[in-house]
Each structure stands twice: as C-alpha cells, then as structure tokens.
Amino acid sequence: MYVGKSVTRVDAYDKVTGRAKYTEDLMKNGTYSAKIKHSTIAHGKVISIDISKASQVEGVIKIITCFDVPKHTFPTAGHPWSLDKDHQDIADRNLLNEHVRYYGDDVAVVIAENDVQATKAINLIEVEYEEYEPVFDPIESMTKGLKPIHDEYPDNIIGHTKNRIGDYENAIKEEGLIKVEGWYETPIVQHSHIENHIVYAYQANGKVVVVASTQIPHIVRRVCGQALGIPWGRVRVIKPYIGGGFGNKQDALYEPLCAYLTTQVGGHPVKLDSDREETFVSSRTRHSQKFHIISYVRKDGTFVARKLELYSNNGGYASHGHSICAKGTNCFHQLYPCENIEADGYTVYTNLPTAGAMRGYGIPQAMFAYESHLDDIAKAIGMNPLELRMKTIMPKGYVDAFSRNENYYDTFREVMKVGRKVIDYDKKIEEYKNQKGNIRRGVGLATFWYNTAVYPISVETSSCRMVLNQDGSIQVQLGETEIGQGGDTAFSQMAADVVGVPIEDVHIVSTQDTDVTPFGLGAYASRQTYVASFSIANTGKILKEKIIERARKILEFAPKNLDLVEGNIIRTTDKRVLATLGELATESLYDKKESEHISAEATYTIRNNAYSFGCSFAEVEIDIALAKVKILRLVNVHDCGKLINPRLAEAQAHGGMSMAVGFALSEELKYGDNGKILNDNLLDYKLSTTMDHPEFEVYFIENPEPTSPYNTKSLGEPPTCSPAPAIRNAILNATGVGVTRLPMNPHVLFPLFKEAGLIENDYEQDMKYDL
Amino acid sequence: MYDIKKIYEAYTTDEAIKLKKEHPDASFIAGGSDVLVKIREGRMAGKELISLQLIDELKGVSLEDDGTLRVGALTSFTHITNDKLVQKYCKTLGEAVDTAGGPQLRNIATIGGNICNAAPSADSAATVMAYDAIIELKGENGIRQVPVRDFYVGYATVDLQDTEVMTAVKIKKESYENYYGHYFKYAMRNAMDIAISSCSANVKFTDDGLVEDVRVAYGVASSVPIRAPKVEKTLRGLKITDNNINVFAKNALDELKPRDSWRASQALRKQILYEITVRCLKEIRKEYQGGLNA
C-alpha cells in the first residue's frame, strides 16, 4: 500500500535536473512576441489611439487596438460553467478595453518579431483618454454615486450576501451585555508565483492551440471559445508543468487574448509572456477587505448577538465575482455559532487591479478579522483567549444548513489542545505577563474554518482514464492538474493501491491536453486529491475487474478467487502468484485469436464536501523601538483527514505558512493617488524570505473523513488561513497593542507603539551630554 | 531579451579608458547588477556598453607598503566578505557588503559598481564613508585620488570624469587602526532587500576609555550617502555612556534629511536613524569593552 507513505514526488527528478518542461521551454524559435499597451489612467474611455509611429518600428507585424477586437464580453473566472443562467460568471471583459477600469488595463497590443521591437513600439503608441473620477475604496465606491465602473452595475455592487439568524436587534437589549466593536482591514496582496503568467498560441488542423501556464486547461478552453466566439471544440489547450499558481492561474488571464492574436497573423505562433510588473498589476490579486464586527457577549463569554459588515474590494473586473466575499461572510456564523446574527457581505467594483482567487479564497482575510476580534472580546471580558475559543467554537456534530457539511469530530478543540501543548501556551501566558522594556515576547493563537471543494455551489466532477501497457504498467490521466502541490504523486499513490500495482508501474500523465485528457476542471479550491480520489477509485476498480476477467479467461480460475496485488495475479485462497500483470498484459495485447486493449475510463460526480479545520499558534519577539516583529515559533495544527503522503503534506503546510507570514508582516500592494501600483516588483513588494521565517512546525490530527474513499480532505489552502491572526494576537499579548490592519510592518506598528507610549528611548525628549 | 546596442570588452584598465575615449556615450558595466536592471526597466535601453568584467588587475584586496588597505574596484562583495585582510583590518566593510541582496547578487556585484552607481541605499557606501576611504580613479590624464566624501556629488551621481574608470577604494592605516566599527542596516526583510536606512560608525578610544574620534555615516538619510561631521566633533573626549550615545544620535538627526515617501514616512525614518545610531555605538562599546576584559 502506498497511501499514507512518504513516497518521493513523481516529478522530483525531472524538476531538479531541469528536464521538466514549462511553457517557455516548448516554444519554437520564430514565435512572435506580443506586448500589451496598458492604460495610464484608472478610469476613463479611450478616445483615440495613434499607432503611426509605433508601426514604423522594425520588426512590427501587427498592432491591434481596443477598437479592433470583438465587441462581445466574456467571463474569466475558473469556475465550472453553470447550466443555470443566473449562476453563470459575470461576463464583463473584452479582449482589449475602450472603457478602462484601472491603471494598467489593456488597450492595445503590438505583435513583433521579438520582445525588444514590441516594447519599443508599445512605448510609441499614443492614447488619448476621456477621464472619469476614479474610486479605490469599496465603501466610497458603493455610496459616492460616481460614473459606474460597469454600466450594468450602477452602484458598483457585484454581489451582496445577507445572512439573518434569530433577532439581532431584540437580542442586544438583554441587560449586562458587553459590546465589543472593531474594524479590521487587509491589504491587496499578490500570489507572486515564480513563473509569471505565460501563454503562446498558434493555429493547426482548424483549431486554435493554446499552450499556457494555467491551473485549469478545460475551463480555459471554454473561456477562449466564448471570448473568440468560436465553438469550444475548436480550441485546444495544453498545460505543461507550471511554476506555481496559487489561484491566480485559476482564471483565464491572457489566454483568450493570445488565442485571438494568432488568428490575426495567419495562425503564426504568438506569445504573451507577462513580466513581473504585469503579473502584479494586470493579472489578479487577493481582495483587500474591510470588516466591521460588533459582538454582544455575556461576561462568561457566551455570544448573544453578532453583526458583520464585510466590504470586499474587487477592483476593475468581476473575475470570480462575489464568491470569495460570500465564503468569508458565510463562515462568520459557522465558526462561532450564535443564535442572533446579522451579516452582510458586499463585493464592490473599484478602479484598482482585479482581485480574484488566491490561496484561501477570502478566508485568510476573514480569519484575520474574526480571530483578531475574538482576542479583542477576550481582552474586553478579561478571559483567556484559548479558553474563550474552547467555550464558543463550533461543536462536534454541527451541520451547516446550506452545504450540509458536518463536523464529524470535535476537531477544533482537538487541534487547539495539540497547539497548546506544543507551544507550552499556559506557561508562556504566565511568563509574558507584565513585561517592561524594549524587547517583549508574546504568544497567540487563531483557528481557521475551511472546506474542501465547491459542492453544492458548483458541480464537482472528476474523470480518469487508465490504460494497461504491454508490460503491465499503467498510464493514468486526470483533469486535475499538477501545479507544484504534489497532486501527481498523490494520484499515483492512490492509483497504485486501487489497481494493485507497484507505484513505479504507474505512469501519471502530467500534461493536460484538452484534446486527449479526460474532462476535469483543473486545480482550485483544495480539492484535487479529494475529488480525484473518487474517480481514481472508480476507474481503478473497473480496470482491475477487466484485468481479473482477462486472468480468468487465461488461468481458468473463478474471478472471486483471483486478485491483483503489487503487479501479480494471485490466487486469494493460498496467495500463490499465478502470473505477473506484465505477462498477462503482453498476452492480452498480442493474442492472435482475441487481443484486448485493457483500459478504463469513468466519471464520478461528487455530491458532498468536507470541512477542513485547524489552528495556528505563534510566539513572537517585538523590538519596539525598531517596530519589528520576529516570529520565534509558528505552529500549525491541521485535521485534513488521513494523510496521503505525510512528507508532502508537511511541505504543503510549510508553503502555506510562508505565504501567511508575508501576509501578516510584510506584503502589501500599494497604490498612488492616481491608482497606479507603486511597488510592482519583488524588491518593493516585500514577499518574505526564508530568513524572515522560523522553522515551521506542523502537526496533524488524522480523523478519517467519512465521505472520501481514502478518508482524506483538503490541505492546499488551509495552512495559509490562520497564521496572520495568530501572530497578531501574539503581538497583542506582548505589547497590549491590538493591530487592526495588515501587514503588521514597521509602517503600521511604529505609530501604534508611539501612540501607546511604548517607545521608551524617544529622541523627542530633551537630553544633554554628561560631561 | 535586453535592449543593448553594442558591447565592448576591455581586458585591461587602459583598454577600458581607450574604449571610453572612442565611445564617449557608452556606459561601463561591471557585475551588471545595477546596469542590467536599468536596461530592463528602459532607463538605459539601447545603449552601448563597455564591459569591465574581465579586467583581472582590478580584482582583489591588498595591503600597500604604508598599510593602506586597497580593494580593487572589481572585487565582488563575496570576495570582500571572505577576504582575510578585510576581516583583519576593516571587518565592518566585509560585514556591510554581506548584507546586500542574496548570495547570487553578492557573487556578481562589485564594490566599484556599487560606489559609482551612487544609490543612497548602497550597502558599501555608508561604511566606506565611515572609514573615510579614498576613491582611486584612472583616466587618459592619469590617476586621481578623491576622498569618498567628495566623490558623491548628487543623487546617483559621482565625480567620475570623461574617460575615468574607478580602479580602487583605499582605506588608510590611520583611518582603520584602533577603530572599532559597526554597520546597522535597517530593511523590511532580513535578506534580498535594500535599506530603509543604514548607519555605519567607527570609534577610536583613548587609553582612559574616552572617545578619541568618531565617524558616523548614513545611507538613505539624504540624496547621497552622508557623514554627520558636526555631531562627530561633539562626542570627542566624552565617555561613551548610554545618555551620551542618545544625545549624539539625536543631534546627528539635525544633519540628516530623511525623506517622506511611500517607502517609509519621515517620522519612521527619523526614529530608525536615531535608533540605529544608538545601536551602532552600543555595539561598538560592547566590542571595545569586551576587548578590554579579554
């Protein structure tokens, strides 16, 4: 059995030796280079574009402007297509835009023989705009009554979730309640995957072939078809290895535009290779969100009534629309169940870069707000934050009325118990009371709520194909993509177990090609292992039955007495090896009388979802005068069901925690008064480095998930959800300062420390030399 | 793909000077860690370049007869940090350049390039200022020695004339002997970052443990790396007490002009400049006192 063992990644050797091929490795010499002219205003209309000088640049093949492209709009979200028209993604994009909605919007394209020529020409294109007043704040955008960013949404509101439980207004009348109120805010951050977005396209055999760094090849095929107005089957999308995505590539980015460009130059290959600056500004970001929370609690910590207003800044285009904000709004009443809830979540267009999916899908922001607020409540009622959580958090047996997700175990209390012990929480809380001086330490925790897949909001389907080779090895193909997370390895382990072959004999086909690969929706949510497990189990069972049936014919034993174990056909009664699978496969394919290509292919429609919970504990040391936070320890505890591959699981948690450390302490995409992003590079955008991390500590509780054939559930996104509030709460514990906005960098901390009077050696005091 | 018009390769300093004479509009490129970035950003796109990278005579560290430490302009940061002479005589220089970027950058970045690029945040700059170093230049008219404090003439501008190539940075014996030094780089990350502010200090003590001399220099406290000459004089002859360190650091702020920008507020920069001056001097005191007790 391979499931549960730390087998080596199936792609490890190719990746470290450089044999693994990425999009850029596959392009042929002579591929044209396309560069995009981006808008230099945040909101307005293109009046005219002068390409006369740009056209003169040597090597320029063609210039296309927003006036030339098809006029119909298309959606870009990497969601499964909805058969229900009302639930289809918002189609608000053109390939190039006359109405520009953010500083960096796409208004024209130059296709040239090489990058340098294309860039030269881009710089010579002159664009004349009619400018409208831009708006960058979601609340202002909803209320200010400016010219709509999209005419179809006059108040700029993309979506509104309204949750009501009980009677909030009546409940707060109870005497003796303590009211705790706070505003919390998270910044725009960006995925910063190593490989920028890259795509090239050409035409062949009557099709447009798109090779792209994407998480979602089958979805991109559909979106390209919609964008170009051609049948979806006329688009072929190929996804090689990719250098990270983290949700940014769960959107059709420049694939539709690139697909269109090749059709404008006779099908010649054209590439669109975004640079880092474009990736920051013109792909997708994580939503900046503002939260206003009011909690009415009794002195013993019982929650009586709670209110939430959430404003999610979506930028200029809908991308994933309201779904990210909705997720954060919906978890508010689940994490800490309360009888009286009023929650409103708004997703709002603004004139900033477009926000889309990013690891955690709104939950890292929500957890920062909700879990910071929880410590603020604890402080207000004088209760230990861990004790308050133990008392109020979701109990075992809780079932969400909408999703029907069930909390089968007392996961939250179990994970907190582990974290408490590992970090020596109770002792540290005592030790760090009443500190003085410039260096102070603190300990804090935060939990997170998550779920695995997208059911029942969207379809959950997975398809798999297995083919038996002449030597008894098998090919496995799935629509679920390897994006660095280790999916191919987990799939191989599961396939080996269900079929009954050694893992070396499982050849996972990593590249998805929509002409060949079974239909699947790609990599998103934290669902690949979970959803693929159903189709792998299903398909593997069919393949195995076919193999056993073939063995019956040859060996003339009753099928119930035959089994396939580690590549051998055995007689179950005495475990005798009757034949190897290799022998059987060779015989089967070369039999002159009755040859048989043994293969299996099946789809599984998954009609459930699984909660995935955990927590983080952080210990920090603050240098107050330098306004700096050093993380001494960061511990994540997860219940993601049974681990398929413990070593990969731990590595995945490390990656998520690293991302969370940047979110907590240093990352923020900043913009100027005109909406221009100021720090669109990896120097000024402070992605954290390994030198800013402690050794990450990860623990797992393996409560078997009853809905999964391998008892497993999500781990991809969860590790990034709770470290930021845990660090925030540790800072609160150390200094008494409750930070309400991320990142908690010196720019934010210094004024707060100063205001709190914590800076002891203040240069503003009078001083004289001792002579 | 980089937009480079043409590149000329020099193998000796004299060849570089000759090439510069023939192609006055061409720019020098050493390690490339600044020039290539500027070409990519378009600021130096389409230029001719003269490469200095293969001029071996400009690489390495040596001690001249009079005890002057000579660091060739093309010596990489990694080399400087690992160099025994630097570690023995001017260790703060080795420590300062070790804070730049990451290992790959430090393997290609040269001290001459770092000084001539003249960014106020350059990690070598504050420390060569604090060591009162001399910049050696060679051009068609011969060799020039310029004190580093006169070499920075304005934002991102140095006193490099016509055909001149920087050949070395030199630190005289009297500038390093018996001085204790410390460099404090304050950045938002612990690696791969440039300074929000930096401070490099050198202090020499009298036999009685009083301050005999102090030199303090700053990065990102003005448009160029700068010293604080007025306040330097005030600490001489005094004890290096906590209070005196604080007063010194506070008064140093009067000679600095930290900016208010989106990268950091002026209020934060002032706090940092004050605090890192205090910490530099305290580290120096600790090392000095540790040496006495040893």
Side-chain angles (χ1 to χ4, degrees), chain A residues 33 114-120 122-123 273 275-277 438 623-628 630 662 665-668 670-673 676-679 681-693 743 745-751 753-754 759 761-771, chain B residues 1-5 37 39-42 45-46 99 101-102 121 184 186-194 196-197 210-211 231 234-235 237-254 261-265 267-279 282:
Chain A
S33 174
N114 67 42
D115 295 356
V116 168
Q117 296 160 340
T119 303
K120 265 186 196 157
I122 280 293
N123 292 334
D273 183 1
D275 58 27
R276 182 59 64 184
E277 290 84 343
N438 185 56
D623 187 327
I624 292 169
L626 294 178
K628 279 218 169 190
K630 182 178 175 189
L665 295 184
S666 57
E667 293 180 40
E668 175 175 20
K670 299 182 178 194
Y671 55 91
D673 293 340
K676 185 185 180 188
I677 295 298
L678 299 169
N679 55 340
N681 60 72
L682 291 172
L683 175 60
D684 290 313
Y685 180 83
K686 305 294 181 185
L687 204 63
S688 67
T689 73
T690 52
M691 300 293 281
D692 305 295
H693 300 166
N745 59 17
H747 309 297
V748 168
L749 293 179
F750 167 65
F753 289 164
K754 180 119 177 149
I759 295 174
N761 183 16
D762 192 330
Y763 69 85
E764 284 177 333
Q765 62 200 329
D766 287 329
M767 20 175 143
K768 261 194 254 160
Y769 278 129
D770 304 322
L771 298 173
Chain B
M1 212 170 171
Y2 285 81
D3 187 2
I4 297 168
K5 192 172 170 194
V37 172
I39 292 173
R40 184 188 166 279
E41 286 175 353
T99 65
S121 56
F184 198 115
Y186 185 88
M188 291 295 157
R189 285 190 287 229
N190 294 327
M192 308 292 288
D193 213 347
I194 62 168
I196 287 290
S197 290
L210 302 178
V211 173
V231 74
T234 63
L235 197 61
L238 298 183
K239 277 191 195 153
I240 191 155
T241 60
D242 280 359
N243 177 60
N244 286 352
I245 288 172
N246 289 344
V247 178
F248 177 88
K250 178 184 164 93
N251 293 343
L253 291 176
D254 295 340
S261 80
W262 63 265
R263 286 194 172 89
S265 69
L268 176 63
R269 285 184 203 271
K270 282 178 92 165
Q271 167 69 19
I272 297 311
L273 286 165
Y274 171 74
E275 192 63 32
I276 65 179
T277 308
V278 168
R279 297 207 185 183
K282 284 188 177 172

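Protein chains get the first letters and strands the later ones, always in sequence-line order, with residue 1 at the start of each.
For the set N243(B), I194(B), I272(B), the count of heavy-atom pairs under 4.5 angstrom toward chain A peaks at N243(B). The most heavy-atom pairs under 4.5 Å with chain A, out of M192(B), Q271(B), E275(B), come from Q271(B). The candidate with the highest count of non-hydrogen atom pairs below 4.5 Å against chain A, out of R189(B), K250(B), M1(B), is R189(B). Contact count against chain B (heavy-atom pairs under 4.5 Å) is highest for D770(A) among D770(A), D115(A), L771(A). Most heavy-atom pairs under 4.5 Å with chain B: of the set L682(A), T690(A), L687(A), N123(A), this distinction falls to L687(A). Comparing D275(A), L678(A), D766(A) by heavy-atom pairs within less than 4.5 Å of chain B, the highest count is held by L678(A).
Proximity to chain B involves both the backbone and the side chain of K686(A), based on heavy atoms less than 4.5 angstrom apart. If you measure heavy-atom distances from Y769(A) to chain B, the contacts under 4.5 Å come from both the backbone and the side chain. The part of D623(A) that comes within reach of chain B is its side chain, from C-beta onward, which places non-hydrogen atoms under 4.5 angstrom from that chain. For a residue to count as touching a neighbouring chain, one of its non-hydrogen atoms must lie under 4.5 Å from one of that chain's; by this rule N679(A) touches chain B with backbone and side chain alike. Looking at L665(A), there are no atoms closer than 4.5 Å to chain B (heavy atoms on both sides), in backbone or side chain. Contacts between R279(B) and chain A at a heavy-atom distance below 4.5 Å involve the side chain alone, from C-beta outward. Both the backbone and the side chain of L268(B) come within contact range of chain A, judged by heavy atoms closer than 4.5 Å. Residue K754(A): no heavy atom, backbone or side chain, is found under 4.5 Å from chain B. Using a 4.5 Å cut-off between heavy atoms, A45(B) makes no contact with chain A at all.
Between the CG atom of N190(B) and the OG1 atom of T689(A) there is a distance of 6.5 Å, given to the nearest 0.5 Å. Rounded to the nearest 0.5 Å, atoms CG (D193(B)) and CG (D684(A)) are 8.5 Å apart.
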Hey, mind stepping through K270(B) and E764(A) against salt bridge (charged side-chain N to carboxylate O under 4.0 Å, His left out) and telling me if it holds?
-> CA-CA 10 Å; K270(B) 282 178 92 165; E764(A) 284 177 333; over 6 Å; no
Quick one: do I276(B) and L626(A) satisfy side-chain contact (heavy atoms from CB on, under 4.5 Å)? Show the steps, please.
-> CA-CA 8 Å; I276(B) 65 179; L626(A) 294 178; 4.2 Å; yes
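Side-chain contact between P746(A) and M188(B): present, with at least one pair of heavy atoms (C-beta onward) separated by less than 4.5 Å.
For Y763(A), the ring pair (Phe, Tyr, Trp, His ring centres under 6.0 Å) criterion is met by Y274(B), not counting sequence neighbours. Partners of F248(B) according to the ring pair (Phe, Tyr, Trp, His ring centres under 6.0 Å) rule, which considers only residues two or more places apart in sequence or in another chain, do not exist here.
In the displayed structure, D254(B) atom CG is contacted under 6.0 Å by more than 12 heavy atoms of other residues, nucleotides or ligands. Within 6.0 Å of the NZ atom in K670(A), the count of heavy atoms belonging to other residues, nucleotides or ligands exceeds 12. Within 6.0 Å of the NZ atom in K5(B), the count of heavy atoms belonging to other residues, nucleotides or ligands does not exceed 12.
When atom types are taken as modelled, the side chain of D3(B) and the backbone of V116(A) share no donor-acceptor pair closer than 3.5 angstrom.
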